[in-house]
Amino acid sequence: MGKVTPLSYRYDSFVLFQIDVRCKIICIFFLSIVIANAHFLQLYLITAIFSWLLYRSGFNIRRLIRELKYFFIIVIFLFIIRTITASSSHISIPIFGFINEFKYIEIDSVKIDLIGILNYINANILTHIPIDKDGLTDGCQVSWRFFLIVIMGILFSSSTTASAIKSAVMWFLKPFPFIPKKRVAVMVSLFVRFLPLLLEKATEVSDAQKARCFHLRKNPVKKIKNITVPLITKVFNSADNLAIAMASRCYNENRTEIAEHNLLRPSGYEINFYLGTIALVLITLFI
Amino acid sequence: MSRFEDKIGKNIIEVKRLSHIYGNTDRGIKNISFGVKPAEFIVVAGQNGSGKSTLFRHLNGLLSPTSGEVWIHGKTVSSNLEYARQIVGMIFQDADCQIVGQTVFEDAAFGPENLRLPIGEIHKRTNNALKQLGLLHLKDQNPATLSGGEKRRLAIAGVLTMRPEVIVLDEPFSNLDYAGICDLLSSIIWLHQAGHTIILSTHDIEKVIFYASRMIIIHQGCIVGDDKPEILLKEVEKFGIREPCLSKLGMNIIPWDK
């Protein structure tokens with residue numbers, strides 16, 4: 001059985017999977033603006049809503065967290081960078097005070113003065129890095145917003161087929177006469193189609209390399225090179241095979257689009273999503 | 001009368017002095033000629049890299065020949081690509097690579113959509129094909145969640161919706177377990193009994209040889225044998241293909257899945 005990544009489309013009877021894709025895109029547009037300007041109150045609220053949507057969409061939250069572990073590294077990195085760049089003063093933090101009892105550690109019968117090393121880092125490196133309350137608040141908010149944007153993307157791509165997105169893009173581009181609607185729509189849908197494939201291939205390559213103890217290597221450049229080269233080869237091969245399979249089934253731009261007729265059909269629940277989004281916009285604007 | 005029976009005797013496909021050489025190597029196919037009659041079940045046998053997939057990709061114009069030509073019902077493939085791809089349905093070795101849609105229904109409907117059929121006809125053909133292959137209850141599922149055998153059946157459904165006369169299967173049994181192979185084999189036999197011409201490539205002829213009406217052996221890009229399977233069976237090991245066990249033991253061939 002094939003692997004389904006968090007970004008892969010899954011079928012479910014939950015309302016999120018049934019609503020018109022145009023409604024989802026409009027809500028995402030406004031929610032992105034809300035999230036970009038959200039403070040802690042709005043962030044708590046949106047996190048609660050997204051958690052409920054993830055749960056009702058059938059996501060196993062623990063598994064999702066496990067699958068997003070590399071993404072969390074980026075979030076932490078973003079938090080650190082943002083905290084440092086947004087801070088203007090220094091706070092003296094007794095970071096290493098709690099490990100006084102382990103004054104020395106022994107590696108291959110060589111005694112290492114751990115406290116000495118950590119105090120050196122504290123005195124010569126950390127005290128030169130600005131960290132203050134405003135920076136911590138800002139870092140926390142920015143990384144939280146980034147996290148929510150990604151969760152919103154996961155909810156969207158797992159509940160929407162590429163052909164539905166294609167149909168919606170064509171519908172939104174209808175008023176613009178000089179834009180090649182079909183070509184743009186195919187490009188968008190192929191991009192969405194390839195995102196889960198990219199993740200799947202990356203996992204395959206990484207697993208194959210782990211099986212040969214690749215994780216014991218320390219050189220990060222070599223690590224990136226050894227993952228990237230086979231990944232790019234695999235992705236290009238998959239794209240090539242997909243293009244051949246599409247050609248063998250007579251693919252052309254001038255085709256009947258059943259998705260346009262089937263998927264752009266309101267389910268009746270759209271009003272709830274519009275009202276929820278408007279409420280969040282108002283909360284962000286006035287609170 | 002089957003819609004194919006009125007054409008019996010005439011070749012559907014004519015391959016004439018077909019060559020395809022990759023770059024500056026000597027790899028590819030060389031000077032291949034043969035014809036395919038309606039309702040035949042042809043097994044194309046050969047080692048890995050012997051040129052089976054290259055030959056198949058010329059049958060519906062996915063590759064352009066270095067020299068020679070393929071004709072379908074008297075029309076050249078190179079100048080009638082859409083017609084050729086409608087008549088000759090291709091099922092590839094890797095089932096995952098040919099899945100285009102994000103639901104089982106979308107994937108099966110991909111071909112008729114490209115043929116610009118009316119919406120009602122697309123729904124009718126797609127539902128029929130999925131029903132015939134026992135996939136209708138999975139029509140809203142993501143194809144990635146299907147088993148290997150189900151994915152192969154979906155690939156067949158995707159081709160069936162285009163109503164092809166000839167179905168070409170490139171190493172269809174690779175990466176399938178025993179149950180998946182039996183499942184797929186019964187679908188292939190059903191397709192043949194429904195009147196489709198089957199051309200199937202494999203390096204393991206044991207599974208399908210009982211059902212085949214003709215065997216073509218390809219070795220290093222050339223046809224080295226083209227006859228009834230019972231005539232060629234004793235010679236296959238010269239070309240790196242394993243002779244079926246029962247044939248080795250001097251017994252009659254019986255269906256592999258029975």
| Side-chain donor/acceptor of A:R255 to backbone N/O of B:L115, under 3.5 Å |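 No; judged by distance alone, with no hydrogens or angles, the pair does not exist.
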- Task: May I ask you to decide if B:P118's main-chain N or O and A:T256's side chain share a donor-acceptor pair within less than 3.5 Å?
- Result: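 The answer is no, because no donor-acceptor pair under 3.5 Å joins these two groups.
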task: Can you see which heavy atom on B:R85 is nearest to which on A:S248, and at what distance?
output: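 Looking at all heavy atoms of both residues, the closest pair is CB-O, 3.7 Å.
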Check the pair B:R116, A:N252 against side-chain contact (heavy atoms from CB on, under 4.5 Å), reporting the backbone distance first and the verdict last.
CA-CA 10 Å; B:R116 296 175 288 278; A:N252 61 81; 3.2 Å; yes
[X] side, atom [atom1]; [Y] side, atom [atom2] - distance, nearest 0.5 Å:
{"X": "A:R249", "Y": "B:Q86", "atom1": "CZ", "atom2": "CD", "result": "13.5 Å"}
{"X": "A:T161", "Y": "B:F105", "atom1": "OG1", "atom2": "CZ", "result": "12.0 Å"}
{"X": "B:M162", "Y": "A:C250", "atom1": "CE", "atom2": "SG", "result": "3.5 Å"}
{"X": "A:N241", "Y": "B:I99", "atom1": "CG", "atom2": "CD1", "result": "12.5 Å"}

Legend entry - A:T160 portion near chain B, given a 4.5 angstrom heavy-atom threshold: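 Only the backbone of A:T160 comes within 4.5 Å of chain B.
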Can you tell me which portion of A:D240 sits under 4.5 Å from chain B's heavy atoms? Options are side chain, backbone, both or neither.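 A:D240 has no heavy atom closer than 4.5 Å to chain B.
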By a 4.5 Å heavy-atom criterion (distance strictly below it), what part of [X] contacts chain A: side chain, backbone, both, or neither?
{"X": "B:F110", "answer": "both"}
{"X": "B:D140", "answer": "both"}
{"X": "B:N175", "answer": "neither"}
{"X": "B:I91", "answer": "neither"}

* **Donor + acceptor pair across side chains of A:R10, B:N142 (<3.5 Å)** =>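 Their side chains do not contain a donor-acceptor pair, so the 3.5 Å distance test is not met.
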Is the [atom1] atom of [X] crowded by more than 12 outside heavy atoms at less than 6.0 Å?
{"X": "A:F77", "atom1": "CZ", "value": "no"}
{"X": "A:F30", "atom1": "CZ", "value": "no"}
{"X": "A:F72", "atom1": "CZ", "value": "yes"}
{"X": "A:F14", "atom1": "CZ", "value": "yes"}

Problem - Min side-chain heavy-atom separation A:Y251-B:V100 under 4.5 Å - result: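 Answer no - side chains too far apart.
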Do B:T103 and A:Y9 touch side chain to side chain, with heavy atoms closer than 4.5 Å?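 Yes - at least one pair of side-chain heavy atoms lies under 4.5 Å apart.
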